[in-house]
Amino acid sequence: MERKRWECSALPKGWKREEVTRKSGLSAGKSDVYYFSPAGKKFRSKPQLARYLGNSMDLSSFDFRTGKMLMSKLNKNRQRVRYDNNNQTKGKPDLNTSLPVRQTASIFKQPVTKVTNHPSNKVKTDPQKAIDQPRQLFWEKKLSGLNAFDIAEELVKTMDLPKGLQGVGPGCTDKTLLSAIASALHTSAAPITGQLSAAVEKNPGVWLNTSQPLCKAFIVTDEDIRKQEELVYSVRKKLEEALMADMLAHVEEASNDGDTLKEEGSGNDDMETV
């Protein structure tokens with residue numbers, strides 16, 4: 001393993017960042033990052049680092065992997081703090097529970113009786129309206145242009161949809177179709193079948209079923225299910241191998257750290273003897 005250690009400028013003075021790169025095994029080329037306090041204490045994760053520093057430093061914008069402050073998160077935090085400060089300067093709600101006083105021309109204050117249990121004070125609700133909320137037509141188009149980024153602010157590659165899934169409606173792209181299907185899976189308990197009406201292709205503004213995503217009707221075959229099962233099995237196998245390699249690497253690293261501490265201890269004993 002190759003170890004590189006240098007001082008981290010994003011943390012207080014004296015803190016160092018160590019990057020360990022594996023040279024062999026299934027996880028060859030993978031790097032692990034650790035941080036060392038001025039006293040020599042080792043930290044393996046951001047939560048450990050945050051608990052140790054406490055309120056002395058805000059790590060919400062700190063990227064543990066790169067050892068830098070992410071400017072986009074830092075600006076968002078500053079805007080949030082500025083927004084909270086502006087809201088605090090506004091008038092606070094009146095929490096006084098005393099009865100209101102009628103303001104009249106009289107010089108004496110006259111109390112007002114507040115009635116809350118009058119028989120006519122009943123709120124009528126429509127249960128059907130509460131269940132079926134109205135939706136804007138082609139509301140899924142609002143999801144276009146949204147991208148996912150990882151912790152290092154790199155664009156996450158989107159998945160490719162099968163050829164059998166085709167979008168309907170004006171300006172429906174593959175990204176819009178993917179967002180519409182994902183939203184339907186999360187917001188609806190009904191099965192996803194697509195637009196079953198053939199007339200939707202002629203006039204989607206009239207015949208569009210708003211409870212289904214913006215895609216044509218499709219059928220999931222046994223072959224599609226078999227391919228998906230093989231894909232899931234392959235991904236699980238790779239994950240199992242990666243976890244096993246990572247566990248072995250951690251065991252080896254812990255053993256090397258123990259040997260290093262023993263060598264340093266024996267060296268200190270030799271110096272004291274001299």
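Cation-pi contact between K42 and Y34: present, with separation from the ring centre below 6.0 Å and deviation from the ring axis of at most 45°.
With a 4.5 Å cut-off on side-chain heavy atoms, L165 and L178 do not count as touching. You'll find the side chain of H250 stays beyond 4.5 Å of the side chain of M247, heavy atoms only. Between N209 and S197 there is no side-chain heavy-atom pair separated by less than 4.5 Å. Using a 4.5 Å heavy-atom threshold, the side chains of E7 and W15 count as separate. A heavy-atom distance below 4.5 Å is not found between the side chains of L243 and E241.
Proximity of a side-chain donor or acceptor of K46 to a complementary backbone N or O of F62 within less than 3.5 Å is detected. S56 places a side-chain N or O within donor-acceptor distance of the main-chain N or O of L53, the cut-off being under 3.5 Å. Side-chain atoms of D246 never come within 3.5 Å of backbone atoms of A242 as a donor-acceptor pair (strictly under, hydrogens ignored). Side chain of E18 to backbone of R3: no donor-acceptor contact under 3.5 angstrom is found. A donor-acceptor contact shorter than 3.5 Å links the side chain of Q48 to the backbone of R44.
The only option from R226, Q228, K227 that meets the side chain to side chain donor-acceptor pair (under 3.5 Å) definition with E230 turns out to be R226.
If you check the side chains of K216 and Q195, you find no donor sitting under 3.5 Å from an acceptor.
Applying the ring pair (Phe, Tyr, Trp, His ring centres under 6.0 Å) test to pairs two or more places apart or on separate chains, none has a residue in residues 167-200.
Residues R17 and C8 come closest through the heavy atom pair CB-CB, 4.2 Å.
Residues F64 and F43 place their aromatic rings such that the two centres sit no closer than 6.0 Å.
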